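Working notes, beginning with the structure itself.
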Amino acid sequence: MSANEDETIDGGEPDAESPYTLQREDGDDARHVFWADAVADRVEDRDPTEPIVIKGGISPSGVPHLGNVNEVMRGYYVAEVLRERGHDVRQVFTADDRDPLRKLPRTLCDLEGNLVDLGEVDAGALGRNLGSPYTDIPDPFGCCDSYGAHFSGIIQDSADAMDVPIDLVSTTELYTDGEFDDVTRHVLANQERAREVLSQYQDKVDEDYVPFNPICEECGKVTETVTSVDLESDPATVDYRCTDMDAGDRTIEGCGHEGTATIREGKMPWRFEWPGQWQALGVDFEPFGKDHAEGSWPSGQDVARNVLEIDPPVPMVYEWFTLEGEPFSSSEGNVILVSDVLELLEPEVLRYFFAKDPSKARDFSIERLDQLVDEFDRFEATYFGEVDASEDEQAFAERVYPLVVEEPREERIRLPYTFAAVLGMFDDPELREEVARKEDHIPEDAPEWAVEGALERVEQARNWARRTGNEFDYELKRSEIPEHDFDSATEAALEELADFVAEGHGPDEIQGEIYETAKRHDVDIGDFFGAGYRLFFDEQQGPKLGPFLDKVDREFVVARLRRDR
RNA sequence: GGGCCGGUAGCUCAGUUUGGCAGAGCGUCUGGCUUUUAACCAGACGGUCGCGUGUUCAAAUCGCGCCCGGCCCGCCA
């Protein structure tokens, strides 16, 4: 915050601390190749008490897609850097599960991450719960304690799958367990101050605004009309009337009930709840998406300083990324979960993706996933000094690679991703290994664990090829011969090639014979290969044919070359 | 309309704080691997660094103006 010395703390003006932390490094700070080091410097500048607390959080409102993983991974790297520097760090993740359901999601997902249309669950039950906190709504899948618990659980699973230790904190529990008592009471005791501060950011804040929304004991909905506040009770209470609530383009009707709720039976509005979490949890750093940068953050840090009288955490805005060039949208089906991604690549590749500069907008593309994996492979090879790389690349790899993988091990083997995809056409693991060795992708003396690790990628790359249906998705057309139309010369050449294969030759001989046969019959070599790919894959291109024909059972190959079956 | 972030090769991205020859990988093309088809090797092609302008010996980098995309400026999170 030393870049802007002139911030005003007179209460009349919003403070001007920019959340674009990565753009505001001070001249006297060391220059870092890794953004998390710059953030860690800023955290240390606060002289934080241990453990240092790093937070992320989302509202468990529906399908937790890959974009939400920013909330976990960005904090994780800062946490790891601080741990490296000898600090005790706690990474918490709040499930903001006392938020009310404001509209019906069109798409949900089960615990395995399978997308499920709203129509396939009890949509009526969900509809009756509009306006109620996520933790009070029954799980539409019936497998968890509540709607909120269902989606929080998926977030926890995602973090586990990426090997990131988080303390998942339920915001509902912060209220019900009384951990929010002090901060809620403080805000209510300083209502006027609270109104004064927030009114600078929200026009709707007027004389009647009370920064607490009780849950109606009659209908269970979060409601907004508080008629009086009693701070003498313990816990404090509010009287309320259950009135209509605006929710986007529609209104959620209140039941009209008049009652009393304790401050454990409701919630603060987000603009206070967020800073309240900073205080109750002692947060030192929190990354957030760019949607918060010009709205919640300015008001949040103002509330922190001038209502709660605490220092807000070090902020960091991250850019959103897109999926195949389009925004994430579960209703449009443009969504992908961590569990989906981990069927396509290793966790460390995904961790690498989140180690890149958070201030850059990026696209995550399944179609071109091979580019990301290749980039990771190069990053890894750079760390081990196996490729020529620029100074910048080297410096980045040296600094970041150890944080991305569980343990740097030089003997690790990475099959090139597209090669692995092609190997996926063999179901037999031994065959995969044999071909990979033959093509020099596995060294003679490779340790067993490294070979196993390398072959795991075959399964993932095959999933990728199948999912995208791309040019690496070779499927041996075993059961039925593909449609074909060859001239007589080609047919004669195929006969001869069949005879050659029937005699029993090795992969290299078969490869050579393909050329020879084509030449003898005056068939264009490219066309002849094409005929082979047509017969076996119903494609125009394919894997190197000699070794392939050598691997598939001979009887079938001979018969197929003769077009017998 | 106002504020903020982003825009670098066909694609994915480094490089922008602290000005110093425009970079990498992939793709493409050419050649090689005593035979074009997952691989490998060598080379080539590929750029108005969104546009304009100012400062400077020197600008992708700094200033100003503009264009495009996104986010925020109601509510909610």
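A, B, ... follow the sequence lines: proteins, then strands. Residue 1 opens every chain. What you see is a predicted model; the values in this text were computed from it and never measured.
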Looking at every strand, decide which applies to A/Trp320 at a 4.0 Å heavy-atom threshold: base, sugar-phosphate, or nothing. sugar-phosphate
Using side chain to side chain contact (heavy atoms under 4.5 Å, CB included) as the criterion, list what pairs up with A/Glu375, not counting sequence neighbours. A/Tyr352, A/Lys356
My understanding is that only residues two or more places apart in sequence, or in another chain, count here; which of them pass side chain to side chain contact (heavy atoms under 4.5 Å, CB included) with A/Asp524? A/Asp527
Side chain of A/Ser296 only, heavy atoms from C-beta on: which candidate in B/rC5, B/rA77, B/rA39 is closest? B/rA77
Separation of B/rU17 atom P from A/Tyr20 atom OH, nearest Å, is 20 Å
Across the strands shown, which category fits A/Glu273 at heavy-atom distances under 4.0 angstrom: base, sugar-phosphate, nothing? nothing
Base, sugar-phosphate, or nothing: which does A/Asp524 touch, judged by heavy atoms less than 4.0 Å apart? base
Between B/rC71, B/rG6, B/rA39, spot the one nearest the side chain of A/Asp291, thanks. B/rC71
Closest nucleotide among B/rC76, B/rC71, B/rC4 to the A/Glu294 side chain: B/rC4
Taking the P atom of each, how far is B/rG23 from B/rC64, in whole Å? 29 Å
Give a yes-or-no answer on whether the side chains of A/Thr418 and A/Asp370 include a donor-acceptor pair shorter than 3.5 Å. no
Report each atom pair, protein N/O against N/O of nucleotides 10-14 of chain B, whose distance is under 3.5 angstrom.
residue: B/rC11; atom: O2'; partner: A/Arg368; partner atom: NE; Å: 3.2
residue: B/rC11; atom: O2; partner: A/Gln371; partner atom: NE2; Å: 3.4
residue: B/rU12; atom: OP1; partner: A/Arg368; partner atom: NH2; Å: 3.4
residue: B/rU12; atom: O4'; partner: A/Gln371; partner atom: OE1; Å: 2.5
residue: B/rC13; atom: O3'; partner: A/Arg362; partner atom: NH1; Å: 3.0
residue: B/rA14; atom: OP1; partner: A/Arg362; partner atom: NH1; Å: 3.2
residue: B/rA14; atom: OP1; partner: A/Arg362; partner atom: NH2; Å: 2.5

When all nucleic acid strands are considered with a 4.0 Å heavy-atom cut-off, which category describes A/Gly526: base, sugar-phosphate, or nothing? base
Whole angstroms only, please: what is the CZ-P distance between A/Phe272 and B/rA77? 11 Å
Expressed in angstrom and rounded to an integer, what is the separation of A/His441 atom NE2 from B/rA39 atom P? 8 Å
Just call it for A/Lys290: base, sugar-phosphate, or nothing, with non-hydrogen atoms closer than 4.0 Å on any strand. base
Which part of the nucleic acid does A/Val435 contact within heavy-atom distance under 4.0 Å: base, sugar-phosphate only, or nothing? base
Please report, rounded to the nearest Å, how far the C1' atom of B/rG70 is from the CG atom of A/Leu323. 16 Å
Nearest to the side chain of A/Arg271, which nucleotide is it out of B/rC73, B/rU35, B/rA38? B/rC73
Closest to the side chain of A/Asp96, out of B/rA77, B/rA38, B/rG6, is B/rA77
Report which part of the nucleic acid A/His292 touches: base, sugar-phosphate, or nothing (heavy-atom distance under 4.0 Å, all strands). base
Same-atom distance (C1') from B/rA9 to B/rG19, integer angstrom: 23 Å
Sort out the partner of B/rC4 for me: Watson-Crick or G-U wobble, both distances under 3.5 Å, none otherwise. B/rG70
As its Watson-Crick or G-U partner within any shown strand, both distances under 3.5 Å, B/rG43 has B/rC29
Could you work out, with side chain to side chain contact (heavy atoms under 4.5 Å, CB included) as the rule, every residue matching A/Asp522, not counting sequence neighbours? none
Closest to the 5' end of RNA chain B, once A/Asp203 and A/Trp270 are matched to their nearest nucleotides, is A/Asp203
Using 0.5 Å steps for rounding, measure from the CG atom of A/Leu545 to the CD1 atom of A/Ile514. 4.0 Å
Looking at every non-hydrogen atom in both residues, tell me the closest pair between A/Tyr175 and A/Glu273 and how far apart they are. OH-OE1, 2.7 Å
Which value, in whole Å, describes the distance between the P atoms of nucleotides B/rC26 and B/rC66? 42 Å
In the strands shown, is B/rA77 matched to any nucleotide by a Watson-Crick or G-U wobble pair with both distances under 3.5 Å, and which? none
Watson-Crick or G-U wobble mate for B/rC64, both contacts under 3.5 Å: B/rG52
How would you list, by chain and number, every residue that makes a side chain to side chain contact (heavy atoms under 4.5 Å, CB included) with A/Glu367, sequence neighbours excluded? A/Glu324, A/Ser365, A/Thr468
Nearest-Å distance, CZ (A/Phe472) to P (B/rA38)? 10 Å
Both distances below 3.5 Å, Watson-Crick or wobble geometry, any strand: find the nucleotide opposite B/rA59. none
Assign each of A/Glu224 and A/Glu516 to its nearest nucleotide of RNA chain B by heavy atoms, then name whichever residue's nucleotide is nearer the 5' end. A/Glu516
Quickly, which of A/Val222, A/Asn213, A/Ile215 forms a side chain to side chain contact (heavy atoms under 4.5 Å, CB included) with A/Arg98? Name it, please. A/Ile215
Any donor-acceptor pair under 3.5 Å linking the side-chain atoms of A/Asn70 with those of A/Arg74? yes
Rounded off to whole Å, could you give me the CH2-to-C1' distance for the A/Trp297 and B/rC73 pair? 18 Å
Take atom P in B/rG46 and the same atom in B/rC29, then report the distance between them in whole Å. 16 Å
B/rG23: pairing nucleotide in any strand, Watson-Crick or G-U under 3.5 angstrom: B/rC13
Just checking A/Lys103: base, sugar-phosphate only, or nothing, at a heavy-atom cut-off of under 4.0 Å? nothing
Results of ring-ring contact (aromatic ring centres under 6.0 Å, His included) for A/Phe354 - residues two or more places apart only: A/Phe321
